[in-house]
2 protein chains.
Amino acid sequence: MAGTGRNGDTKVVTLSDVARLAGVSVATASKALNGRSQVAARTRARVEAAAEQLSFVPNRMAQGLLAGRTGTVGLLTSDLQGRFVIPILMGAEDAFGAGRVSVFLCDAREDTIREQHHLQALLSRRVDGLIVVGSRTDPRSTLGHDIPVPVVYVYAPSDDAGDLSLVPDNVAAGRIAVEHLVACGRRKIAHVSGDPGYAAALDRGVGVGEGLDAAGLKLVGDSMYADWSERWGRDASAVLLDRHPDIDAIVCGSDQIARGALDAVRDRGRVVPDDVAVIGFDNWEPMVEGSRPELTSIDPNLELLGRAAAQRVFAALDGDELGDGVHLQAPRLVIRGSTVPRS
Amino acid sequence: MAGTGRNGDTKVVTLSDVARLAGVSVATASKALNGRSQVAARTRARVEAAAEQLSFVPNRMAQGLLAGRTGTVGLLTSDLQGRFVIPILMGAEDAFGAGRVSVFLCDAREDTIREQHHLQALLSRRVDGLIVVGSRTDPRSTLGHDIPVPVVYVYAPSDDAGDLSLVPDNVAAGRIAVEHLVACGRRKIAHVSGDPGYAAALDRGVGVGEGLDAAGLKLVGDSMYADWSERWGRDASAVLLDRHPDIDAIVCGSDQIARGALDAVRDRGRVVPDDVAVIGFDNWEPMVEGSRPELTSIDPNLELLGRAAAQRVFAALDGDELGDGVHLQAPRLVIRGSTVPRS
DNA sequence: CTGTTAGCGCGTTCAA
DNA sequence: TTGAACGCGCTAACAG
């Protein structure tokens, strides 16, 4: 199977190579390989054998030239770390068989100029659709409506209500976190979150408030907002625990903050989860699985978001309405040892 | 600028649309837009105005059909988390202006079948080259030599010496770690690493040994290999510290292990870095910057790896030899508070 | 059943 | 200086 030459030596084989080897015209070869019915069985077999022998791979770009579709999607992101975009990419790939559609991934790095360049590049390559992934859940400026392909905004919604946006439901996430703590018997719940300039921080905070209201509880101390770091999680939790020694649970705005909270609790000689339960957001594996104990967290279900985005794009290509407005993806509670004692 | 319709309404404009609006032939329009000299200045201006007005974007796939190049690279990975592949992708993008070349990212998820599907998909889209990114530094099976485009293996080398592989120099990384600790005055150095089935673990261990030899030192206790988790870092460090209370430094096989080591040291009432210095590998930001104190680490310079890979691919397209064998990328020491006291 | 013709969007000859 | 004609690789119409 493997040739002896280096990569790049072997010339790309075309349909006409196959046709010549099989002794038929290119049209017949095309029909044979595409499973059209109007081909003699023997001829089809000859063509298929020839294609196999030459390891022929049809040029999808040439096909796309005719069909008006390239089987290609652009994923335009500014998520430097890939934390959000990778699950979304995988969800998009899953929405179809592997290889049926390929994904261009471009990182704009929060730079509008660079984003425009990438957008041009993607359109010039005639992507069938575009998925725009932000690095935070705050609205971002729309790409505009004069784009000739369907566009779906994921994670960060578009600021234009005419666009379709798919985002995690952070309010529900906050509510679910509190409901879980209450179900575990916690009554003295505190809240430490990240940068208050982020919608994610505020939305989760709103959900926390709703959850407390529903349980007839009041937050212990004030919600603490500063930044998304472990250090802040430690410092803020330390203050809260010292001022309110009766705290029996801390809702944290992210898994990193939660890790800081775990440290603060342990520094004070108290035990998680027996004395104080801790819950985070994001369900970011390296964070939640490395901690001691492992961290209960709210998973935003990003794969589902990516899968839904891809499905919407391709449904739109098939003539369906793309739809508009901001659609919320329900989160999922993942329980680990930081809220429920484990063996 | 923005149209009033929804996305997808506006038809894709072609060169002939531009030519018609400008009142010239497509050939002339093509020359005008591509900066060919044989066009009257006034004609060129008319064509450019028409292109602008219609916001014409040339179809690079049609161009590619002629040129034999698509300005497209395939990135075939099995790095589920995106830890390695994202920096490599960014390096590859940087190797050219943003948008000059676009990158298809495919995740094979350690599955050979899926990898073959993606490979076919990429070749059918006529990528100009292929970058294969593994999730560990152990050799992986070659894609073969009958691929019609240049292939570069990154992070995980190919098991075929005829292929070109670009990988981090883990032996050097281990050596540099020890050299740094020795330079900080440490003499009683222990070693905790990850899964001994990983070349990365063993290679770094070899480097640690070389560094110790060069300094005339012996490892305190045995190298501890198990897995890449924080938990293991804690447990192994605890054993070492209890059996060898004079340990003044721990070299850890990853940042996660190092975080576990930090916990173990603190649990014993000892201070990092004053009593015990700790150093990790990977320089993975959320890990190194969240810890207390921040973690000194060895950065494998993945962006440079990605950039180099992209450059090799495109140099090969321009006729240069692709080259072969395994090439090592030198790592970089990043000093933080876990080895040198900080204000 | 098969082959010929046409054309997808573009760049590059070559005549005019 | 411009435009008509050709071909990149492929598929869809038709004619044979």
Side-chain angles (χ1 to χ4, degrees), chain A residues 10-48 50-51 54-72 120-121 123-128 148-149, chain B residues 10-48 50-51 54-72 120-121 123-128 148-149:
Chain A
T10 44
K11 273 244 308 282
V12 175
V13 312
T14 73
L15 184 58
S16 67
D17 296 327
V18 176
R20 194 175 320 114
L21 180 58
V24 297
S25 71
V26 286
T28 305
S30 171
K31 290 171 198 161
L33 294 177
N34 289 325
R36 304 322 220 70
S37 57
Q38 314 167 345
V39 182
R42 275 199 49 219
T43 311
R44 183 187 307 273
R46 271 219 318 287
V47 173
E48 282 170 344
L54 299 174
S55 52
F56 166 71
V57 180
N59 185 335
R60 293 207 52 167
M61 294 319 172
Q63 290 178 319
L65 213 50
L66 279 298
R69 282 214 206 173
T70 54
T72 279
Q120 291 304 311
L123 293 179
S124 79
R125 288 178 174 88
R126 292 301 185 265
V127 292
D128 293 333
V149 296
Chain B
T10 43
K11 275 242 310 281
V12 175
V13 311
T14 72
L15 184 58
S16 65
D17 296 326
V18 175
R20 194 176 319 114
L21 179 58
V24 297
S25 72
V26 288
T28 304
S30 171
K31 290 171 196 161
L33 293 177
N34 290 326
R36 305 322 221 77
S37 56
Q38 314 165 347
V39 183
R42 277 200 49 219
T43 311
R44 182 188 308 273
R46 271 217 318 289
V47 173
E48 283 171 344
L54 300 175
S55 54
F56 167 70
V57 180
N59 185 334
R60 292 206 54 165
M61 294 320 171
Q63 291 179 320
L65 212 50
L66 278 297
R69 280 213 206 175
T70 54
T72 279
Q120 291 303 311
L123 292 179
S124 78
R125 288 179 173 88
R126 293 299 186 265
V127 293
D128 293 333
V149 297

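Residue numbers start from 1 in every chain, and the chains themselves are labelled A, B, ... in the order their sequence lines are given, proteins ahead of strands.
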Looking only at heavy atoms, what is the nearest atom pair of [X] and [Y], with distance?
X      : Y      : result
B:L123 : B:P148 : CD2-CD, 4.3 Å
A:V13  : A:S55  : CG2-O, 4.1 Å
A:A29  : A:L15  : CB-CD1, 3.7 Å

#### Entry: Which residue lies more 5' along DNA chain D, comparing A:S16 with B:V26 via nearest heavy atoms
B:V26

### Message
Has B:R125 got a side-chain atom pairing as donor or acceptor with A:G71's backbone, closer than 3.5 angstrom?
### Response
yes

### Message
Using modelled atom types and a 3.5 Å cut-off, is there a donor and acceptor pairing between side-chain atoms of A:T70 and backbone atoms of A:G64?
### Response
no

Does [X] put a side-chain nitrogen or oxygen below 4.0 Å from OP1 or OP2 of [N]?
X     : N      : answer
A:S25 : C:dG3  : yes
A:S30 : D:dT11 : yes
A:T43 : C:dC1  : no
A:T14 : D:dG9  : no
A:Q63 : D:dC10 : no

Without decimals, in angstroms, what is the distance between [X] [atom1] and [N] [atom2]?
X      : N      : atom1 : atom2 : answer
B:R125 : D:dC10 : CZ    : C1'   : 15 Å
A:R126 : C:dC10 : CZ    : C1'   : 11 Å
B:M61  : D:dT11 : CE    : C1'   : 19 Å
B:R60  : C:dG11 : CZ    : P     : 11 Å
A:D17  : D:dC10 : CG    : C1'   : 13 Å
A:R42  : C:dT2  : CZ    : P     : 9 Å
B:R46  : D:dT1  : CZ    : C1'   : 12 Å
B:L15  : D:dG3  : CG    : P     : 12 Å

### Query
Can you tell me how far the CE atom of A:M61 sits from the CE atom of B:M61, to the nearest 0.5 Å?
3.5 Å

### Query
Rounded to the nearest 0.5 Å, how far does OG1 of B:T28 lie from CZ of B:R44?
11.0 Å

## Note on the structure
The bend of the helix from C:dC1-D:dG16 to C:dA16-D:dT1, taken between the axes of its five terminal pairs at each end and rounded to 10°, is 50°

### Summary
Note: contacts of residues 32-40 of chain B with DNA chain D (heavy atom, under 4.0 Å) are B:Q38, B:V39, B:A40

### Message
Run A:T72 and A:R126 through side-chain contact (heavy atoms from CB on, under 4.5 Å) and show every step you take.
### Response
CA-CA 8 Å; A:T72 279; A:R126 292 301 185 265; over 6 Å; no

### Task
Decide side-chain contact (heavy atoms from CB on, under 4.5 Å) for B:V39 and B:V47; before the verdict, give the C-alpha distance in whole Å, the side-chain angles of both, and the deciding distance to 0.1 Å.
CA-CA 10 Å; B:V39 183; B:V47 173; over 6 Å; no

### Query
Taking only residues at least two apart or on different chains, which pairs with a member in residues 57-66 of chain B satisfy side chain to side chain donor-acceptor pair (under 3.5 Å)?
none

If you check the [X] side chain, which of [options] turns out closest?
X     : options               : answer
A:L65 : D:dG9, C:dC1, C:dC10  : D:dG9
B:L66 : C:dG3, C:dG11, D:dC10 : C:dG11
B:K31 : C:dG11, D:dT2, D:dC10 : D:dT2
A:A62 : C:dC14, D:dG9, C:dG3  : D:dG9

